[in-house]
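Note sheet for the following structure.
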Amino acid sequence: MIAVNERLGHRSMGLFSRWLLAAALIVLLGAEIVALAGPWLWQGDMVTPFRLQMLLAAAVLAALSVAFRQRCLHALAVAALVGALGPIAERLMVRHSLPARARGDAVSVVFANVLCDNRHYDRVTAMVRAEAPDLFLAAETTPAWIAHLDTLADRYPYRFHAGPGVFGIAAYARRPFTARVFRIGRHHMPLGRQEFADMVVLVAHPQPPARRGLAAENRAYLQALARLAQTSTKPVILAGDLNATLWSHSLAPLLDIGMQWPAGSGLRYSWPVDRSYLMIQIDQILTRGAVAGSLRVLPDVGSDHFPVRADLVFPRPRAPAAQPSRPPVSIRPVARGRLPE
């Protein structure tokens, strides 16, 4: 009698385990379907950043399903693996990835979402001085943060900031530039454009896609970024907390215009600092017109984001060809408003 009860108990546990595994696979497949529907469902923009976590979950559940000899479980496991791996592989194939090294002119960039409530001002300024990048770009720059970051003036005499607060942005450079601020969407989110003699730098911090309206704002902001980058006749550096990862549908406009990903970018962990199980990279440094580049994540500076650094290489401008000497030519003035035929 005891042996019969034990067999029944094992069968019950086995049945419960199979149903539990099936339920977990169905939930995972549902999340993958929501992620695929991102262009139409705002919830998809919240799910797509976590594709790597979905792939890990699919691999674990698939391994567990091997212990059960049931075709339906195996089919669900295969579907979950394909649904997780397929979009990742597709995005990795279409992105423009840079080699780590090449010959040319080097430009180093550090971006940090400093977190408006973070009071570790000295940790950020010490990090910038230690890294000594050519450009330091920041987000969530409140007036208090601007006051402390301006102490970097001895290293970075050319400075710019706009929209102080949770979505404030700032730029610090060694060389002069002209700056312009664009206000994007219903909430007039600031987007900074700094033009140097040889390149254009865009500093960005759009809304997170936390609900339908904010998801639309995030998409509009990233589309505006793509338009600004595409229309530039100079090489472009784009840096910011984009509230989107390599897998996000909202990042498609930047991929479509050929924005380049430095080596090591896209698969890094920049947020959140204290919850590694959610690890995603929403802090991005992208470029257009570079020949090489590499990205690394810097140590914690008290924010909920890790700073990121990119070392980029741009082609050296060609020296102008020597012109044959000619006798002086007199120039006749042309009437304003019309070119000569």
Side-chain angles (χ1 to χ4, degrees), residues 107-185 187-197 199-208 214 217-218 221 224-225 228 237-243 270-274 282-285 295-311:
V107 178
S108 55
V109 185
V110 168
F111 170 79
N113 180 325
V114 296
L115 182 63
C116 58
D117 296 330
N118 180 16
R119 296 294 179 265
H120 296 285
Y121 307 113
D122 292 343
R123 289 173 67 175
V124 174
T125 54
M127 177 272 294
V128 176
R129 291 183 182 279
E131 292 291 326
D134 298 309
L135 295 167
F136 172 60
L137 311 171
E140 295 203 25
T141 47
T142 60
W145 267 107
I146 294 298
H148 285 82
L149 293 177
D150 280 352
T151 62
L152 297 168
D154 60 319
R155 297 281 187 91
Y156 302 96
Y158 303 97
R159 307 183 298 281
F160 157 83
H161 55 83
V166 175
F167 292 95
I169 52 176
Y172 295 81
R174 301 179 188 276
R175 296 185 289 145
F177 59 83
T178 58
R180 184 177 178 185
V181 180
F182 295 85
R183 301 287 176 174
I184 311 298
H187 295 90
H188 307 291
M189 304 300 294
L191 190 169
R193 182 184 187 275
Q194 294 79 53
E195 182 165 358
F196 294 80
M199 64 181 178
V200 168
V201 176
L202 303 174
V203 189
H205 188 198
Q207 296 269 10
L214 295 182
E217 291 277 308
N218 181 277
Y221 194 106
L225 269 177
L228 283 174
I237 297 173
L238 187 165
D241 171 6
L242 301 186
N243 278 308
S270 71
W271 179 91
V273 167
D274 57 349
I282 56 178
D283 301 279
Q284 314 278 0
I285 299 177
L295 182 135
R296 59 187 174 93
V297 178
L298 303 178
D300 177 18
V301 290
S303 172
D304 57 340
H305 294 247
F306 290 106
V308 291
R309 173 180 175 132
D311 291 281

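Each residue takes its place number in the sequence, starting with 1.
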Next on the checklist: Would you say CZ of R183 has more than 12 non-hydrogen atoms from neighbouring residues, nucleotides or ligands within 6.0 angstrom?
Outcome noted: yes
Checklist entry - Would you say H148 and V114 make side-chain contact, with heavy atoms under 4.5 Å? => result no
Checklist entry - Can you tell me how far CD1 of I285 sits from CG of L135, rounded to the nearest 0.5 angstrom? => result 9.5 Å
Item to check | Pair listing, ring pair (Phe, Tyr, Trp, His ring centres under 6.0 Å) test, anchored in residues 153-176, at least two apart | outcome: F167-H205
Checklist outcome for this item: Tightest non-hydrogen contact, residues V301 and P307, listed as CG2-CG, 3.8 Å
Item to check | Derivation and outcome, side-chain contact (heavy atoms from CB on, under 4.5 Å), residues I282 and H305 | outcome: CA-CA 9 Å; I282 56 178; H305 294 247; 3.6 Å; yes
Checklist entry - In chain order, what residues pass the side chain to side chain contact (heavy atoms under 4.5 Å, CB included) check against H187, with sequence neighbours excluded? => result M189, Q207, L214, E217
Item to check | Worked check of side-chain contact (heavy atoms from CB on, under 4.5 Å) between V201 and F196 | outcome: CA-CA 8 Å; V201 176; F196 294 80; 3.7 Å; yes
Next on the checklist: Could you tell me if the side chain of L242 sits less than 4.5 Å from the side chain of Y221, heavy atoms only?
Outcome noted: no
Checklist outcome for this item: The side chain to side chain contact (heavy atoms under 4.5 Å, CB included) partners of S108 (sequence neighbours excluded) come to P133, D134, R309, D311
Checklist outcome for this item: Nearest heavy-atom contact between P190 and V181 is CB-CG1, 4.1 Å
Item to check | N/O donor-acceptor pair under 3.5 Å between D300 side chain and D274 backbone | outcome: no
Checklist outcome for this item: Nearest heavy-atom approach of D283 to W271 is OD2-CB, 4.3 Å
Checklist entry - Going through the checks in order, is the side-chain contact (heavy atoms from CB on, under 4.5 Å) test met by M127 and V110? => result CA-CA 10 Å; M127 177 272 294; V110 168; 3.9 Å; yes
Item to check | V124/F136 under side-chain contact (heavy atoms from CB on, under 4.5 Å): CA gap, chis, key distance, verdict | outcome: CA-CA 11 Å; V124 174; F136 172 60; 4.1 Å; yes
Checklist outcome for this item: Sorted by chain and residue number, the side-chain hydrogen bond (donor to acceptor under 3.5 Å, both in side chains) partners of T141 (sequence neighbours excluded) come out as none
Checklist entry - How are the rings of Y121 and W145 set relative to one another: parallel (under 30°), tilted (30 to 60°) or perpendicular (over 60°)? => result perpendicular
Checklist entry - With no hydrogens and no angle check, is any side-chain donor or acceptor of R155 less than 3.5 Å from a backbone partner on A153? => result no
Item to check | Shortest non-hydrogen contact between S303 and V273, atoms and distance | outcome: O-CG2, 3.3 Å
Item to check | From CG (N218) to CD1 (I184), nearest 0.5 Å | outcome: 12.5 Å
Item to check | With D154 via salt bridge (Lys or Arg N to Asp or Glu O under 4.0 Å) - residues at least two apart | outcome: R129
Checklist outcome for this item: Taken in chain and number order and not counting sequence neighbours, the residues that satisfy side chain to side chain contact (heavy atoms under 4.5 Å, CB included) with T125 are D122, L149, T151, L152
Checklist entry - Looking only at heavy atoms, which two atoms of H120 and G302 are closest? And how far apart? => result CD2-CA, 3.8 Å
Checklist entry - At their closest point, which heavy atom of M199 faces which heavy atom of I237, and how far apart are they? => result SD-CD1, 3.8 Å
Checklist entry - Has the side chain of S270 got a donor or acceptor atom that lies under 3.5 Å from a matching backbone atom of F306? => result no
